2 protein chains.
Amino acid sequence: MKKEIITLKKLAQILELSTSTVSRALNDHQDISEATRKRVKNLAQSMHYVPNIFARGFRKHKTNIIGVIVPNITHYFTTTIVRGILEEAKLKGYRVIISESNNDTAKQTEMLNTMIQFGVDGILVSLTKMTKDIDTVLQTLNKCPLILFDKVSNKIPCTQVTINDEEAAYSAIEHLINIGKKRIAIIKEREFSYTSEKRYAGYLKALKDHNIEIDEKIIISVDDISTQQGKRMTNHLLSIKKKPDAIFAITDSSAVGVIQTLKKFNIKIPEEIAVVGFSNSRFSTIIEPNLTTVDQPGETIGKNAVKYLIEEIENTTDTISNKMIEIKGTLIIRDSTFKV
Amino acid sequence: MKKEIITLKKLAQILELSTSTVSRALNDHQDISEATRKRVKNLAQSMHYVPNIFARGFRKHKTNIIGVIVPNITHYFTTTIVRGILEEAKLKGYRVIISESNNDTAKQTEMLNTMIQFGVDGILVSLTKMTKDIDTVLQTLNKCPLILFDKVSNKIPCTQVTINDEEAAYSAIEHLINIGKKRIAIIKEREFSYTSEKRYAGYLKALKDHNIEIDEKIIISVDDISTQQGKRMTNHLLSIKKKPDAIFAITDSSAVGVIQTLKKFNIKIPEEIAVVGFSNSRFSTIIEPNLTTVDQPGETIGKNAVKYLIEEIENTTDTISNKMIEIKGTLIIRDSTFKV
DNA sequence: CTGAAAGCGCTTACAG
DNA sequence: CTGAAAGCGCTTACAG
C-alpha cells in the first residue's frame, strides 16, 4: 500500500531546477536567492513533500534517534521519566526508541547491541538490578554516547542523572527524629543497588548526626524490594524484642506492604510505628494512612538525561564526560508520620 | 566519537570477493556456495560486522520501525499494553518508537505526520479523548498501515484491538444483580468516548435483561473520568432522594474516588453501597475495601495489535482490512462487592 | 546564485 | 556460483 512518494528529484523536475538547488533551498542555505527559495518552498508545501529522513540520516551518518533502556516500563516513576525524555527529545528533534530489559542483564546486553547496530545517536540506560556484567555497558561507551539515569552505577565512567538519594533519605530520617522517633528501622536492597546504598548512607548519616544508636537488627536487606517483601520484613521486625518505632522503606511499594501488615496487627500508625516510603507513587495517597514519602521529579530527570546526552552527541570532541547530576527530591509529609 | 565502521566493502576487500557476494552470503542467498558462505560469515563475526540498518532500510524502502501513539504513558494499563507491543515487535524484528499525545488532538496529528515522514512501516494508535478530528487519522490510513487499540473509534475503518468492553461490563452488572443490588448507578464518560459507550451499553443491556428499571438520575456522565470526578459524583449520588445501592465506575481511578467518598460518610461497602471499577489497576488491591474490577489483559492487547499490524505491513495487497478484535477481560471479585 | 557529480552502505536484476 | 553496475533519496565539495 505504498503511496506515490514526492522526492527532491520530482520537485526539481517540475521547477526545472537541479536537485542540489532544491535541497539547498529547502535547507535555507545562504547561497540560494530569496526568489527561488520561495518558489521551491511553496511547491514543496503544496505537494506535501516530506524529506526521507532515512536517506538524509544515511547520508549524514546520523539518525536522530535516541535509544532508551529501562528495567520495567510499568513502574509509575519510570513512566514519568519516560514522559520527560519524550518531551525533551521531541523538542530537540530526536525520536525515541524504548526497550524494556525486565531486569535481565542478558537482555540488556542484547538491547545495547541492537541499538548500536540500529545506529542510534545515543543511549539512555537505567540499569538492571544486578549489573555485574558491566563490560558490555563499558564497551558500548566506546561506540556511542551513553548516559545513565535513575538506576546508575559508580563503576561506569559516564554522565549520570539521579535524584539526590542520600540527602533526600537524610531529610526523611531527620523528619522521623523530629517527630520523636528513636528506633528507626530501614528496609533496603542488598549492596548491588546503588540507589539503595545511597539512601542507606543518608539513613546512617542522619542517625549519626543525631547521636542515635545504629542497630544492625533493624537494618533489613532484601533481594527484591516489593510489597511482598515489605510484608514479610514487617512481620520479621515485629517479632524481634526491641521493636522499632518507625520504618523507613526504601520504596513506596514496599512501604505499602509495611502499612498493610501493621494494620493487620492493629498497630497504630504513626503513634506506635511511623512509616516513610520513597517515590511519591500513586499508592501513597490511596493507602491509609496516606504515606509520607519522597517525591522524585521524574520528568526533570528525563529531560536532563536527554539534555546531557544530546550535548554529548553534538559535541565532536572525543572525550567522554562524566558529570554527576543530582535532581532534588522533596519529602512530602502525610499521615503515616506526624506532621510537625 | 565515531568508531571505525566495518562495511560490506571492507569485508569484500579482505576476502577478495565482490560486495555482492558478501552481501548474498550474509543473507543466506541460495546461489552462494557453502564454502564461501562460511568464509564470509566467519570473518564478519570475527570483525564484529553489523549491517547498517539504515542503508538497508533506505534501499528496501522499509525501516522495520513501528510507531506507537498513546494518550498518556503513565497509566498503568497503558504500560502493560506497551510492554506487550515491545515484546511482540522485538520478536518479529521490529523496533518501536513511542509518542505521547497527552490527549491533545493537535499533538496527535503532528505525531502522525512526523511518523509518516520518519518512514515508519506502520502505526499503532490509541486515540485521544476528543477525537473529532478524525480527518488526519483517515488521511494517515491512506499512507501507511494503521491499527487502533484500546481507545478506538467506529468511525475509522481499520483493524481495531480492544477489550470486550460491552460483555465485561455486562458481567460486572450481572454480578451486582446477583448479590442482590437493584439500584445500580453508573459513572461514565460523555458520548465521545467509544470505550465508555460500550461499557454503558453493557450496563443497559444487563439491566434490561434482568428487568431492572433504568433511571436517568443515576446515570452520571462526566467529561474527565478521574478520582476527583469520582468523588464529586459520589457526593452528588448521595444527595439524591433514592440513593443507589451500587455504583459502577467506568475506571478504577474514579472508583477510588467513589470508595474514598463513601468511607468519608461512613457508608458501608458493600452492604449499603457496592462498588465496581474497571481495569484491575494496582490501586484495586491497595484501596480498602479491595476493589471488584475487570482485569484487562494489556499485554495480550499489545501483542495482538502488533501482530495484525505486521500482517498488514507485510501483506502487499492494497486493501485495508478492518477486523474487530476483542480480547476477553475478566471480572475479579473483591471486597467492594459480596463474593457469591 | 546554480548545477553536475560523487558518495553514504546496501541489495538485486542482469550477465556470464 | 560470482561480479559489475545501477540505484534507493539525499547532501555537499567542487566548479563555474
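Lettering of chains follows the sequences in order, A, B, ..., and the numbering in each one begins at 1. What you see is a predicted model, and the numbers here were worked out from it, not measured in a lab. As a basis for the values below, the full set of heavy atoms in this structure was taken, side chains included, without hydrogen atoms, waters or symmetry mates.
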### Task
Inspect the contact between Glu87(B) and Lys303(B) and indicate whether a charged nitrogen and a carboxylate oxygen are less than 4.0 angstrom apart.
yes
## Note on the structure
Here the distance between atom P of dC10(C) and atom CG of Asn64(B), to the nearest Å, is 16 Å
### Message
When the C1' atoms of dG16(C) and dT12(C) are compared, how many Å lie between them, rounded to an integer?
### Response
16 Å
### Task
Would you check if the side chain of His29(B) reaches a backbone N or O of Asp31(B) as a donor-acceptor pair within less than 3.5 Å?
yes
#### Entry: Any donor-acceptor N/O pair, Gln108(B) side chain to Thr128(B) backbone, under 3.5 Å
yes
### Task
Name the nucleic acid region contacted by Ser23(A), choosing base, sugar-phosphate or nothing; use a 4.0 angstrom heavy-atom cut-off, strictly under.
base
### Query
Taking atom P of dC10(C) as reference, at what distance in whole Å does atom CD1 of Ile6(B) sit?
11 Å
### Query
Phe58(B) has an atom CZ; how far is it from atom C1' of dC10(D), in whole Å?
6 Å
### Query
When you check the gap from the basic side-chain N to the acidic O, do Lys307(A) and Glu88(A) get nearer than 4.0 Å?
no
### Distance in angstrom units between His61(A) NE2 and dC10(C) P, rounded
10 Å
### Members of residues 27-39 of chain A that approach DNA chain C, where some heavy atom sits under 4.0 Å away
Asp31(A), Ile32(A), Ser33(A), Thr36(A)
### Message
Is there a side-chain contact between Ile69(B) and Lys107(B) in this structure, where contact means two heavy atoms from C-beta onward sitting under 4.5 Å apart?
### Response
no
### NZ/NE/NH1/NH2 to OD/OE distance under 4.0 Å, Lys92(B) and Glu314(B)
no
### Any Tyr49(B) side-chain nitrogen or oxygen under 4.0 Å from OP1 or OP2 of dC10(C)
yes
#### Entry: Distance, rounded to the nearest Å, where Leu26(B) contributes CG and dG9(C) contributes C1'
13 Å
### Query
Do Asn64(A) side-chain atoms and Gly93(A) backbone N/O form a donor-acceptor pair below 3.5 Å?
yes
### Message
Taking dA6(D) as the reference, what is the distance to dT2(D) when you measure between their P atoms (whole Å, please)?
### Response
23 Å
### Query
Would you call Glu311(A) and Lys323(A) a side-chain contact if the rule is heavy atoms closer than 4.5 Å?
yes
Polar atom pairs (N or O), protein with nucleotides 3-5 of chain C, under 3.5 Å:
from   : atom 1 : to       : atom 2 : distance (Å)
dG3(C) : OP2    : Ser18(A) : N      : 3.2
dG3(C) : OP2    : Ser18(A) : OG     : 3.3
dG3(C) : OP2    : Thr21(A) : OG1    : 2.5
dG3(C) : N7     : Arg24(A) : NH2    : 2.8
dG3(C) : O6     : Arg24(A) : NH1    : 3.3
dG3(C) : O6     : Arg24(A) : NH2    : 2.7
dA4(C) : N7     : Ser20(A) : OG     : 3.3
dA4(C) : N6     : Ser20(A) : OG     : 3.0
dA5(C) : N6     : Ser20(A) : OG     : 3.4

### Query
Mind checking who dA15(D) pairs with, Watson-Crick or G-U wobble, both distances under 3.5 Å?
dT2(C)
#### Entry: Distance-only donor-acceptor check, side chains Thr63(B) and Asp121(B), under 3.5 Å
yes
### Task
Can you tell me the distance, in whole Å, between the CG atom of Leu15(A) and the P atom of dT2(C)?
11 Å
